[in-house]
Each structure stands twice: as C-alpha cells, then as structure tokens.
Amino acid sequence: MRRLPTLLVAFATVIVSAVALPPAHADGWQPKTPPLTTPWTHEVGPDNALPDYPRPQLTRKRWQNLNGVWQFAGATAGEKPPVGKDLDERILVPYPVESALSGIARSVQHMWYRRTFTVPSGWRNRGQRLVLQFGAVDHTAKVYVNGREVAAHTGGYNAFSVDVTDALNPRGAQELIVGVDDPTDIGHQAVGKQRKPGDGIFYTPASGIWQTVWMEPVAGAHIGDLTTTPEPSAGRLRLTANASAPGGTVEAIAYAGHKPVGRVTGKAGDELSIRIPHAHLWTPDDPYLYRLKVRLRSGHTVVDEVGSYFGMRSVSLGKGEDGKTRMLLNGKFVPQVGTLDQGYWPDGIYTAPTDEALKFDLAAHKKLGFNMVRKHMKVEPDRWFYWADRLGLLVWQDMPAMFGGHEPSAADKKQFEAEMQAMVRQHDSHPSVIVWVPFNEGWGEYEPGRIADTVKGWDPSRLVNADSGVNCCDSLPDNGEGDIYDDHTYVGPGSPPIPRGDRASVAGEYGGLGLKVDGHMFDPAGSFAYEMTPDSATLTRRYTEVQDGVRKLVVKCGLSASVYTQITDVEKEVNGLYTYDRQQPKMDAAKVREANRSIIAAKPSPDGGDQPPGTPGLEGVSFYPFGEGSGTTTADAVGDHDATLVGGPQWTTGHDGPGLQLKGSSQFADTGAAILDTTGSYSVSAWVKLDRRGSFATAVSQDGPSNSAFFLQYSGADDRFAFSFAGVRALAPAAPETGKWYHLTGVRDAASGSLTLYVDGQKAGAAESCLGDASTGHTVIGRGKFGGNPVDFWPGALDEVRVFDRALSAAEVAELAG
C-alpha cells in the first residue's frame, strides 16, 4: 500500500491543532463500568475526549473542541431550557447517554446538556463570525446560546452548524445549552438497529450528543461545503465550493505530494473543473490521495481558506470478461470482499472510545485481506470515512432504517428522505464510498423504485443498492430497482441470479459463523450465531469453506461482491471475526486473508464450465417403483442403489400399483449413496400424496453438510409444492389438496442457474440460483436435512421416485407425468 504523502498527513493533523480549552470541570463525572472493556476504554478522560479534528475534508487552522465534561439532566417534554442554572449530573461529551463512557449509562428520552465557553482572543476581529458545529445528535436537538434559541435540528446521523455570533455576550463566559429528545423506537424516525431494550439482532440505543462538538471563526462570507467528483477517464476533478454568501471567487489548487498538479478559478457555487493529467488512480491496493487547497476571494482579498483531499477513481457497471454485468472500479472488474460493519462498542455504544479505536476495525479489514466494508444501519463520523479513504477500503453506506412496526406516513417519508439526502451530501466526496443503500431487508421500505431513482439523482457518480436483501424478510417484490440485486442467505453464501441486463448481483449478507470466547462476551447466557462452532480451528475451516463458495460464485455466476457477517461480535451476536471488545481475534488471520485474497484474485469463467450430457432416457440413473409392496427393510431400485427403509414405513396403494406410506416422523428411505452431483444439472420426480398440510414435508432430497442440497417438497410456509435450495424456492401457484395424487418434478439446470418445478407435467414455478451446494451425503426419500438435523418427514404416500443426472426438458417432464 502506498503511503499517504507526508504533506497531506501534516495538513490533516498538525495544521488543524486545536486552541487549548480552559481546564475542564470534571467534578462529579465518573465513567460507569461497561459490560466489556476495549483496549482504549481507560484512555478516555475529560481532557482527551476525541480531541482530533473532526472534519478532514474541510479543515481550517483555527478551531476549538468543545468535547469534555458538560452538565447534564433528564427533562420532561416541553420543559423550558435551564438558562443560568447548574445541572446536577456530569456527562462526558460526545459519548451517548446510555454508554458507560458518558458517565450516565441509562436510557433518557428528554435531556439537557449545559456548559460555558469563552471565545478566544482575536476570533472577533474584522467582522468574523463564530460557528458552532455538531457532528451528530440523536435525535431532535435545540441549541441555546446565552438563553437565545439559535438552532433546531432533527436527524440523528448528520452534521449541522449554526452561526451564534449575534447571540454572544460582548466578553467573558458564554452559556451553551443543548436540549435533546430521542424517542428511539417509540417514535418513527430513522434508528437503524437501536431498540429499547436491545435484544437479538437489535442493540442498545445511543441517545443525545454522540459525535464531536466544536467551534471555529469564519469570515462573513466563507466556504460552507465542498463537493468533489473525480472523472479519471476525462482527466479532471469536478469541484463545487458553496459559499455562505452570494458572490466571491473560488481558487482551487490540487497537489500531488508537494507539487501543484492542477488549478482552477471560478465563481463560488458553480461547478468547476480541475485538470488532473495522468491521474494516479485510487484503489484499495493503492489508495493514493491528492491534497486540495481552496480559497474564497472577495476581489483580491482572500477571505477564507480550507484544506481538503480527494482520490481519483470511478465506479460503474459494465461487462466483465465473462460478458456478465459487473461492478467496475476504474473501468475494471475487481471482486469486492467485505464484511458487515455495525460500528458498536461495549464502552461507547455508537461512539468509538478514541480515534485509534475508530481506525481499528478498518485496519483489521486490511490485515485480513478484505477490500470492502458495508457500514450497516449507522452513519459514522467523518473521521471514519477519512480512515477508509487513507487505508483503502471500498464502502457501501446504508441509510439507517426507520423503526419497522408501522406504515410510514407522508411526514415520516419526508423526514427520512431529508436525512438520507443529508447523508449523501455530507459524504459524497469520499473516494471510498461507492454504493448507497437506502433500504435493508424491507425494513421501513416504501416506493423502492422512486427512492432508488431519487438517490441516483442526488449522486449519479455512485451505484444504488435499492434494497439489500431483496430476497429476504420484509422486502417488497423485486422489480429491477436500482443498480444491484442483493441476496441475503445465512449461512450461505446464497446464489443470487446470474446478472442479466443492467444490474449486478451481490451476496449482501451471509456467514454469521459463531464462536463463544469466555471472558469476552456481552451476554454469555444469551449469545448466539447462525451456526456455532466449537473452537477457532473449526471456525477458520468453516470460514474458508464458505469463502470458497463465494469464489465459485464470482468465477461461474457473475457475482460482483460479498459481505460476510461480521467484523466483530455485537452485543449478543458472537459471529464476529473479533470479539466485541476487540481483544481477541477468533480465526487464523493468515488463512482468513488467503481465503479473501483468493476471491479478489478470481478470474471469471465465460461459461462456468461445460455440462456433461447425462444419461439419456426417462428411467433415470435410479428408479424406485416401490413395486414389491412388501418387506420392511429394503425398496428395490432400477439402478445401482437399493433404498433402506428406515423407521418402519408401511406399504399402501400407490399411484400405479403399490406405494410407500410414511407417517410424517422418523420414517424415510435411504439410498445409501450420493447419487447426484449437485453442483451440476439434475432432475428428480415422484408421485406424491399428502395426508395433511401445514408443516414442511420433503419427498426427495440429498444430504449436505448442514442442509439438503435440494428439496422436492411441500413448503409449509407457503402452503405450496416447491423445488428448493435452502433459502430459494420455485413455488407452485396454488395449495395442494390432501388425499390426492400429484406428479412432481424438480429440474436443476446448472447452465442457466435455474430451478424449475413441474406439477402434473406442467411448469408451475421457477427460481434462480446459480450454484448448487456440493453434497456427498445420501440421496433420501421422505425427509430433508436442515441445520444439521433430519427434518420435514413426509406425511403421506410416495410412488415412482426417479433421479436423473441431467436437466429434463419440458416435453420429457410432460411425458413422464403422462
């Protein structure tokens, strides 16, 4: 990885060193004991609460950090601000009130913060203005200076600022009060995974001030924000510098190290273009950053100057070497391998204890060979994005979901979209950010097509993943919204559709492999994972197996990206690569890195490999006619694999002659072999009759390590016949009748990545899943396997079971059923 130019490091750190604060009044403040301590917990105190400059892409030389000990009190709704009144408690800002580091460590819905500050000498010269900056306050905030309300803001994930000059006293101490209201899941606002109380996959809330508060002097006309959009193919950087007042001239200079490489002058607020010839491209393996200096002039006088940086890279969709639509970086397909990163801390909840801690999770990604991270249901402080830019990680940024449990009103939608636009606008200049994710698994989802188009309109330079997990949970039906089809399957990886048209396919969540580590669990009794392992060696082995499945999807199925759950444990979830306290890695780091880098190095195969023709004819490679009609131990096969009768199934009148009767528990027929290569094409058929409906029931399957590789089944969840992989079902359109014979055929076509169900010889349903799970377990009749256990025993009769080592045609299926 190329080192950041020394000049840029200095610019982002030294040149913005803060004016020293008056001594903090820490009387009465004490941190509470967190459920777990991180390596940085004991580094936090009144004098060093996140002292780093909080906004690296728009820096000024003079600023003053207002983090530290503030007065605090709970409040009642509608209460007047406590102007001139001491509050009883002490809180360490910017740690949320529920956190141990705040010193409060309890849930508070209505609250007051209070402190005083002084304006440093020289900050009021020549008509300068004083601006207060808030990184984030959850959820609704009102700001008062010297008893005067100066700002009101709603939204827990974006920054806001206020010019407080006109509310200042002429000299001496200034009183600052912030009132906050945060109903969390009582209200309908965007909360992500915050719940009262946290439980399962939802976590402890983070209310109040949770990002840095600071102030800085600015000119009456000053630069309010910058937007930079790189266009490497055109050799330019598009730049807009918005000023707080109309008029003014902007001068921008781009530097590569110490060397100026491009400059432009133009009107403030206009989009300008800086030529960057022979651009050094930003990539995860070489995250090269240019420095940017921007001045605002009034006539010949420089009235404001800010520092920034940018990376030259492009993000797009296009055809890979295999002709499938892929996500492209700088015009090339680079497989994206990342984790779900939820950004929770046992000591600070939403707020990392220190900047080094904030950097840790991202640095861990790099150490373990990842090149991407999905920031899940949370928006981090600007410094997190700065570290992603510097270290070289591609970022998918979620919009935190509205609380689920209700239909969003018009007002809910308006506020949600306003907050989402603010998120996009605040972070749209970071080269690391490549994907916006408006919705996840349908939580609070509405009008996904319009929302995807709206976000794309705000930022055409990035991709939009309209609904991550569109195959899952509460998601609305997929109608092709956005740039990406995103599959969630646990443990998985799921096999999303082969990309067709103008959307890429990704595995947006999978994994969740767990390991309990004594002494490092948030809740030992309540800890859980999607699949628990007994030790680190087993966890590492299972991880490499799962990642090899991802590699195959990249090579054969057009997969562009994968997101493993997750980088660290979070509260009761113990499925992280690290423990929640960041004290213990759980796997062999070298093997994890090797597995990840093998995916990134994978080369797509144009056809996914040729399929063998298979055995001709309609008898199949094994045929179980159940014609003997007697005996308690064996069912004869036409083929090499007789079936052992397990649990004492009985004989009955079948569809044509005798058939096998099963009671729906413990009884099945075991062929004693893995008859099918489940990574290729195959078909299975059977005459079936159900005695009862409601629960899952499997007619034919083949055992895999944890789940059956396929299920020819009745799906109790849908009250339909189905041909399925775990998490993927080709469903019949109507419920079956009990006591009636049906002919079912499931066809797996590996070349097209499809599952097709036929009922009574007619196509009844289809689904897409590119890869089949490899299976060395036995082909079985009358049950399935899920979660490592035998399940879904058939309640009824089965007859004439056939197994084929090829994909039958529709005409062949009709002939078979006739």
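These figures come from a predicted structure and were not determined experimentally.
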- Task: Check salt bridge (Lys or Arg N to Asp or Glu O under 4.0 Å) between Glu447 and all other residues, then give those that pass, not counting sequence neighbours.
- Result: Lys413, Arg450

- Which residue pairs satisfy the salt bridge (Lys or Arg N to Asp or Glu O under 4.0 Å) criterion with at least one member in residues 613-634, sequence neighbours excluded? none

- Query: Which pairs count as salt bridge (Lys or Arg N to Asp or Glu O under 4.0 Å) when at least one residue sits in residues 676-693, sequence neighbours excluded?
  - Reply: Arg693-Asp719

- Query: Do any pairs count as a salt bridge (Lys or Arg N to Asp or Glu O under 4.0 Å) and have a residue in residues 482-496, sequence neighbours left out, and if so which ones?
  - Reply: Lys456-Asp483

- Residues in side chain to side chain contact (heavy atoms under 4.5 Å, CB included) with Glu545, at least two apart? Arg541, Arg542

- Phe710: partners by ring pair (Phe, Tyr, Trp, His ring centres under 6.0 Å), with sequence neighbours left out: Tyr682

- For Tyr742, the side chain to side chain donor-acceptor pair (under 3.5 Å) test, sequence neighbours excluded, returns none

- Message: I'd like to check the side chain to side chain contact (heavy atoms under 4.5 Å, CB included) partners of Lys193; sequence neighbours left out, ordered by chain and number.
- Response: Ile201, Phe202, Tyr203, Gln342, Tyr344, His376, Met377, Trp443, Glu573

- Note on the structure: So salt bridge (Lys or Arg N to Asp or Glu O under 4.0 Å) across residues 767-789, not counting sequence neighbours, yields Arg500-Glu768, Asp703-Arg783

- Cys472: partners by disulfide (SG to SG under 2.5 Å), with sequence neighbours left out: none

- Item | Listed partners of Ala452 passing side chain to side chain contact (heavy atoms under 4.5 Å, CB included), at least two apart | Val464, Ala466

- side-chain hydrogen bond (donor to acceptor under 3.5 Å, both in side chains): which pairs involve residues 796-818, sequence neighbours left out? Thr615-Asp805, Arg806-Glu812, Ser809-Glu812

- Message: Centre-to-centre under 6.0 Å for Tyr564 and Tyr510, is that the case here?
- Response: yes

